[in-house]
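Here the structure comes first, spelled out in structure tokens, and everything after it is commentary.
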Amino acid sequence: MSSLLAKCQPPDAQGRIQAVTPENAGWRYVGFEVYRLQAGQTLQLASADKELCLVLVAGIASVATQHAHYPHIGKRMSPFERTPPYAVYVPHQDRVEVRAESDLELAVCSAPGSGYLPSRLITPAEIGVERRGKGRNQRLVHNILPDSAPADSLLVVEVYTDEGNTSSYPSHKHDREDSPDETYLEETYYHRLNPEQGFCLQRVYTDDRSLDECMPVYNRDVVKVPRGYHPVATLAGYDSYYLNVMAGPVRQWKFTWEKDHAWINSESYSL
């Protein structure tokens, strides 16, 4: 199995099914966890030297930090309702308690934190919604924590791709530091499929093909993108959702297209 693919695990004592850390990913910035909590279950988290973005993928919860309380947040019971989620930003050196008010699927996104931003609730009304692409390259995007919103390191977005379409395409990358036209950003993809027994395909590869892996990705798997291009292709009958977390030394999403496929963005590309 590819070292870039983290398979969904049975819930541990805390309800955790995914745990990506800089240490086990072999990189410097991005951490990502997913918890599946039953109604009434509580979860305690400490941000330490990280900032966190808690995304309610599905379900309702009450979230309390050391200085704020956000009761009964959440609305959608499945990400495939395609409405923007509720999320909570938590700064470093804070503590959080999450109480599941219903069965809850919670993503905990983390990256280095050093500033003095307060915790805050991110409501669906505050999340930018956009449609990208055309033809078989169309997708729906929810910008949960874009680089225009305050944070130290984190960038968080979720994407919907209909059956038979491609996404994160034309192939692009963001793996160069100190470049005027590209930033270094590590990235995770948390995948959901509808219906759940489906799968999609994700390829991660570099120009010189020193990294070139194509993976079948099933429901609640995570793909790690340390460098290179990373397109996603869905299969007939199965819609795709993924939650992206990115972070690096500069909090900007600047990328370059793979030259061979950049023409798909042109006006001359026919549907």
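Computed from a prediction, not measured in an experiment: that's the story for all the values here.
- With rounding to the nearest 0.5 Å, the separation of CZ in Phe199 from CE in Met215 is 14.0 Å.
- No side-chain N or O of Asp221 forms a donor-acceptor pair with one of Tyr190 less than 3.5 Å apart.
- In the displayed structure, Arg132 atom CZ is contacted under 6.0 Å by more than 12 heavy atoms of other residues, nucleotides or ligands.
- Nearest heavy-atom pair across Gly74 and Ile60 is O-CG1, 3.8 Å.
- Summarising the geometry, atom NE2 belonging to His230 is positioned 14.5 Å from atom CD belonging to Glu213; distances are rounded to the nearest 0.5 Å.
- Val30 and Val34 fall within a single hydrophobic cluster, where Ile, Leu, Val, Met, Phe, Trp and Tyr are joined by side-chain heavy atoms under 4.5 Å apart, directly or via other members.
- Between the side chain of Arg28 and the main chain of Gly248, no donor-acceptor pair closer than 3.5 Å is present.
- Checked against Arg220 for a side chain to side chain donor-acceptor pair (under 3.5 Å), the options Glu105, Gln18, Gln9 give a single hit: Glu105.
- Atom CG in Asp94 sits 12.0 Å away from atom CG in Leu117 (nearest 0.5 Å).
- Neither side chain, Ser78 nor Glu81, offers a donor N or O lying under 3.5 Å from an acceptor on the other.
- Closest of all the heavy-atom pairs between Asp152 and Gly113 is OD2-CA, 3.5 Å.
- Electrostatic pairing of Asp181 and Arg176 counts as a salt bridge here, judged by a charged N lying under 4.0 Å from a carboxylate O.
- The backbone N or O of Gly15 lies less than 3.5 Å from a partner atom in the side chain of Asp12, making a donor-acceptor pair.
- In this structure, Ile144 and Leu243 have side chains that are in contact, with non-hydrogen atoms separated by less than 4.5 Å.
- A side chain to side chain contact (heavy atoms under 4.5 Å, CB included) with Val63 holds for exactly one of Leu45, Ile73, Leu121, Leu43; it is Ile73.
- One finds no salt bridge joining Asp207 and Lys259 here, because no Lys/Arg side-chain nitrogen approaches an Asp/Glu carboxylate oxygen to under 4.0 Å.
- For the 3.5 Å distance criterion, the side chains of Ser62 and Glu101 qualify, holding a donor opposite an acceptor.
- Nearest heavy atom pair, residue Cys200 against residue Val232, reads SG-CG1, 4.2 Å.
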Yes or no on side-chain hydrogen bond (donor to acceptor under 3.5 Å, both in side chains) for His191 and Gln202, after CA distance, side-chain angles and deciding distance? CA-CA 10 Å; His191 288 270; Gln202 185 159 21; 2.9 Å; yes

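- A salt bridge (Lys or Arg N to Asp or Glu O under 4.0 Å) with Glu158 holds for exactly one of Arg192, Arg82, Arg139, Arg76; it is Arg76.
- Two residues are said to be in side-chain contact when any heavy atoms from C-beta on lie closer than 4.5 Å; Asp239 and Thr234 fail this criterion.
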Does the side chain to side chain contact (heavy atoms under 4.5 Å, CB included) test come out yes or no for Leu193 and Glu196, once each step is laid out? CA-CA 5 Å; Leu193 281 300; Glu196 290 192 353; 5.9 Å; no

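- With hydrogens and angles left out, the side-chain atoms of Tyr189 and Ser168 include a donor and acceptor closer than 3.5 Å.
- Glu163 places a side-chain N or O within donor-acceptor distance of the main-chain N or O of Gly237, the cut-off being under 3.5 Å.
- The closest donor-acceptor contact from the side chain of Asp103 to the backbone of Ala39 lies under 3.5 Å.
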Start with the C-alpha gap between Trp253 and Leu185, add the side-chain angles, then the distance that decides, and say whether side chain to side chain contact (heavy atoms under 4.5 Å, CB included) holds. CA-CA 8 Å; Trp253 185 49; Leu185 294 170; 3.7 Å; yes

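- Atom CD of Gln38 is surrounded by 12 or fewer heavy atoms from other residues, nucleotides or ligands within 6.0 Å.
- A donor-acceptor pair is defined here as one N or O able to donate and one able to accept, closer than 3.5 Å; no such pair exists between the side chain of Asn244 and the backbone of Val157.
- Nearest heavy atom pair, residue Ala19 against residue Glu33, reads CA-CG, 4.1 Å.
- Taking 4.0 Å as the cut-off between side-chain N and carboxylate O, Arg251 and Asp147 do not count as a salt-bridged pair.
- Side-chain contact check for Leu140 versus Val129: some heavy-atom pair is nearer than 4.5 Å.
- Within the 3.5 Å criterion, the main-chain N or O of Leu52 finds no donor-acceptor partner in the side chain of Ser47.
- Residues Leu4 and Leu211 are in side-chain contact: their nearest non-hydrogen atoms beyond the backbone lie under 4.5 Å apart.
- Under the 3.5 Å distance criterion, the side-chain polar atoms of Asn165 are left unmatched by any main-chain donor or acceptor of Asn137.
- A heavy-atom distance below 4.5 Å is found between the side chains of Tyr89 and Glu51.
- Defined by atom type and a distance below 3.5 Å, a donor-acceptor pair is missing between the side-chain atoms of Asp162 and Gln138.
- For Tyr242 and Ser167, the side-chain atoms include at least one donor-acceptor pair closer than 3.5 Å.
- The shortest non-hydrogen separation linking Ile264 to Pro170 is CB-CG, 3.8 Å.
- With a 4.5 Å cut-off on side-chain heavy atoms, Tyr241 and Val57 count as touching.
- Side chain to side chain, Glu97 and Gln44 meet the donor-acceptor criterion of an N or O pair below 3.5 Å.
- Of the options Val245, Leu155, Leu154, Ile127, a side chain to side chain contact (heavy atoms under 4.5 Å, CB included) to Leu145 is made by Leu154 and by none of the others.
- Between Tyr29 and Trp27, the distance separating the two ring centers is not shorter than 6.0 angstrom.
- For Arg131, the CZ atom sits in a loose shell: 12 or fewer heavy atoms of surrounding residues, nucleotides or ligands are nearer than 6.0 Å.
- Here the SG-CZ distance, from Cys53 to Arg120, works out to 8.0 Å after rounding to the nearest 0.5 Å.
- For the 3.5 Å distance criterion, the side chains of His174 and Glu187 qualify, holding a donor opposite an acceptor.
- Side-chain atoms of Glu258 and Tyr205 form a donor-acceptor pair, as typed in the model, at a separation below 3.5 Å.
- The heavy-atom pair separating Ser153 from Pro112 by the smallest distance is OG-O, 2.6 Å.
- In this structure, the side chain of Thr42 does not engage the main chain of Arg99 through any donor-acceptor pair within 3.5 Å.
- Judged by distance alone, the side chain of His67 and the main-chain N or O of Ser119 form no donor-acceptor pair under 3.5 Å.
- Between the side chains of Tyr184 and Ser179, no donor-acceptor pair is found at a separation under 3.5 Å.
- In this structure, the side chains of Thr188 and Val223 stay at 4.5 Å or more apart for every pair of heavy atoms.
- Considering Lys254, Lys173, Arg227 as possible partners of Glu182, the one that fulfils the salt bridge (Lys or Arg N to Asp or Glu O under 4.0 Å) test is Lys173.
- Between the Tyr160 side chain and the Pro79 main chain, a donor and an acceptor come within less than 3.5 Å of each other.
- Looking at heavy atoms from C-beta onward, Leu106 lies out of side-chain contact with Val55 at the 4.5 angstrom threshold.
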Check the pair Leu54 / Val96 against side chain to side chain contact (heavy atoms under 4.5 Å, CB included), numbers first and verdict last. CA-CA 10 Å; Leu54 279 55; Val96 188; 3.9 Å; yes

Run Val222 and Phe32 through side chain to side chain contact (heavy atoms under 4.5 Å, CB included) and show every step you take. CA-CA 9 Å; Val222 171; Phe32 182 73; 3.8 Å; yes

